[in-house]
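All remarks here apply to the structure that follows.
Each chain gets a letter, A, B and so on, in the order the sequences are listed, and its residues count up from 1.
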Amino acid sequence: MRLSLSADEAPHLPNFAVSELRSSLLTWYAQLGRDLPWRRTRDPYAIWISEIMLQQTQVKTVIPYFERWMTLFPTVDALAKADLQAVLKAWEGLGYYARARNLHRAAQTIVEQHHGLFPQELDAVLALPGIGRTTAGGILSAAFNQPLAILDGNVKRVLARLMALDVPPNRALSALWHWSEAMLDPARSHEFNQAFMDLGATICTPKKPACLLCPWQRHCRAYNLGTQSELPMSEPRAPLLHKIIGVAVIWNDRNQILIDRRKPEGLLGGLWEFPGGKVEPGETIEACIKREIQEELGIEIEVGDRLTVVDHTYSHFRVTLNVHHCQHLSGDPQPIECDEIRWVMARELDQYPFPKANIHIIEALQKSAV
DNA sequence: TACCCGTGGCA
DNA sequence: TTGCCAAGGGT
């Protein structure tokens with residue numbers, strides 16, 4: 001098996017086939033394409049928001065977030081003027097929080113450099129943070145019918161099967177871009193790109209593709225070879241690292257809880273959390289929590305009863321959070337390894353954006369308070 | 001280039 | 001329970 005495939009090695013798409021593939025896909029889409037909220041508008045702002053939310057995220061998950069977002073921040077200007085904390089709160093639970101931080105920054109750039117109007121020039125769009133080639137093509141084709149190709153996960157999978165690609169898609173990106181561009185119907189790029197993605201999402205699915213319903217069945221190399229369930233090829237992955245974490249819900253004598261805001265960049269950047277850290281070899285949970293709180297906040301606490309245990313999986317590792325009630329004893333908490341610290345009442349916690357694993361802690365707190 | 005960056009659904 | 005992967009981009 002070869003390791004990679006360059007564009008000039010890519011098998012050629014015959015012109016007669018391209019013409020038939022375009023028309024059969026567009027006919028299929030006119031009948032069976034999905035009715036999605038962001039397809040009812042040509043507003044580039046709304047389409048931009050949907051494209052960012054849909055990065056690595058399924059349509060079903062995105063729909064309620066999209067509807068709420070458009071109510072909270074209906075225009076570029078509204079988003080640019082909003083507080084980052086409010087933006088992160090609207091994104092809470094969607095993951096990949098850099099997407100929300102980039103949306104906020106990009107909105108401010110559009111106000112400052114483009115009079116608040118979403119730019120139509122490809123280079124200007126690509127210059128905005130959080131927008132790469134696929135997202136730029138998706139926005140500009142959907143909003144302005146510009147003849148720009150896309151290469152999202154759906155299109156990669158469809159093309160990998162159509163062309164019986166014998167390497168993992170990420171080893172053949174230039175060939176895949178070449179095919180996506182060759183396939184695109186330049187006069188109807190808006191419909192074509194949407195149809196291309198719908199084909200991948202509803203027919204050419206990762207598991208058990210519905211080949212019998214596929215408008216491209218006759219031309220599909222994988223179908224004709226019977227290898228559609230083996231494609232696209234996948235890359236081996238390293239097993240997830242597992243970290244054991246001690247977490248403190250620290251109470252003061254005014255019935256308040258201590259939370260901290262993470263630094264603005266990196267994992268869960270800008271979100272709030274309950275403080276804690278990794279258990280070292282041979283260390284008890286209680287000792288870990290006491291040590292971490294001393295190191296990170298410079299205060300003394302007494303570690304009390306266990307509140308809950310939370311298992312959570314991130315992209316590249318897994319954590320088990322061992323959460324204990326704690327009592328503040330002495331010292332004024334300092335933001336040594338975070339951006340900000342606050343004492344808040346339990347009922348105020350829902351005003352702050354928290355990562356999912358911490359949402360579970362808040363739910364456990366609400367249960368234990370009843 | 002290879003790694004970082006969340007969460008949910010599903011088998 | 002575990003692994004896989006979904007409308008990717010930044011560095």
Side-chain angles (χ1 to χ4, degrees), chain A residues 3-4 33-34 36-39 47-66 88 91-103 105-106 125-139 141-142 148-158 160 168-171 173-174 176-177 180 193-202 204-208 229 231-242 262-271 273 310-320 353-360:
Chain A
L3 292 177
S4 63
R34 293 174 293 178
L36 301 172
W38 43 90
R39 287 183 180 168
I47 292 167
W48 169 41
I49 299 303
S50 74
E51 290 284 341
I52 301 301
M53 287 185 172
L54 287 161
Q55 289 172 1
Q56 303 295 97
T57 309
Q58 295 184 353
V59 165
K60 187 169 47 175
T61 303
V62 165
I63 288 175
Y65 280 92
F66 175 79
L88 288 171
W91 200 270
E92 182 183 73
L94 257 188
Y96 287 133
Y97 296 91
R99 295 184 293 173
R101 302 194 298 268
N102 285 335
L103 275 175
R105 269 203 301 145
V125 174
L126 286 171
L128 296 170
I131 300 183
R133 190 173 172 186
T134 285
T135 301
I139 297 169
S141 64
L148 296 169
I150 58 173
L151 189 60
D152 74 320
N154 288 308
V155 172
K156 282 181 188 172
R157 184 173 57 256
V158 172
N170 288 337
R171 300 277 174 190
L173 290 179
S174 60
L176 287 163
W177 272 111
S180 184
N193 281 340
Q194 299 301 312
F196 213 160
M197 289 188 283
D198 267 21
L199 187 66
T202 66
C204 196
T205 49
K207 293 169 188 174
K208 298 185 180 179
S229 62
L231 298 178
M233 296 191 63
S234 58
E235 308 231 39
R237 295 185 179 189
L240 293 181
L241 194 64
H242 186 187
R262 295 174 62 88
K263 292 177 179 176
E265 304 299 329
L267 182 70
L268 307 170
L271 275 68
E273 65 179 4
V310 178
D311 274 300
H312 192 78
T313 305
Y314 294 98
S315 319
H316 285 66
F317 61 94
R318 187 160 68 94
V319 294
T320 299
F354 283 91
K356 194 65 183 175
N358 279 244
I359 297 288
H360 292 307

C1'-based separation of C/dC4 from B/dG6 [nearest Å]: 15 Å

C/dT11 to B/dT1 separation - C1' atoms, rounded to the nearest Å: 11 Å

Close side-chain approach of A/Met53 and A/Thr61, heavy atoms under 4.5 Å: no

Backbone of A/Pro264 reached by a side-chain donor or acceptor of A/Arg101 within 3.5 Å: yes

Interatomic distance where CD belongs to A/Glu265 and P belongs to B/dG6 [whole Å]: 11 Å

A/Arg34: partners by side chain to side chain contact (heavy atoms under 4.5 Å, CB included), with sequence neighbours left out: A/Leu36, A/Arg39, A/Val59, A/Asp198, A/Ala201, A/Thr202

Where protein sits on nucleotides 1-11 of chain C, one letter per nucleotide: B base, S sugar-phosphate only, - none, heavy atoms under 4.0 Å: ----BBBBSS-

Length of the CG-P vector between A/Leu173 and B/dA2, whole Å: 12 Å

B/dC5 phosphate, OP1 or OP2, under 4.0 Å from A/His316 side-chain N/O: no

Residue whose nearest DNA chain B nucleotide is more 5′ - A/Lys60 or A/Gly93: A/Gly93

Side chain A/Tyr65, main chain A/Glu92, donor-acceptor under 3.5 Å: yes

Spacing of A/Trp91 atom CH2 relative to B/dG6 atom P, expressed in whole Å: 11 Å

Nearest-angstrom distance from the residue atom CG of A/Leu241 to P of B/dC5: 13 Å

A/Ile52 vs A/Thr135 side-chain heavy atoms within contact, under 4.5 Å: yes

For atom CG of A/Leu94 and atom P of B/dG9, their distance in whole Å: 12 Å

Integer-rounded Å distance: B/dC5 P and A/Phe317 CZ: 7 Å

Sugar-phosphate, base or nothing in reach of A/Leu268, heavy atoms under 4.0 Å: sugar-phosphate

Rounded distance (Å) that lies between atom P of B/dC5 and atom CD1 of A/Ile52: 19 Å

Candidate pair A/His312 and A/Tyr314, rule ring pair (Phe, Tyr, Trp, His ring centres under 6.0 Å), full reasoning: CA-CA 7 Å; A/His312 192 78; A/Tyr314 294 98; 4.9 Å; yes

Closest non-hydrogen atom pair, A/Gln55 against A/Gly130: NE2-O, 3.4 Å

Whole angstrom value for the distance that separates C1' of B/dG6 from CZ of A/Arg101: 12 Å

Whole-angstrom distance between B/dG8 and C/dG9, as gauged at atom P: 22 Å

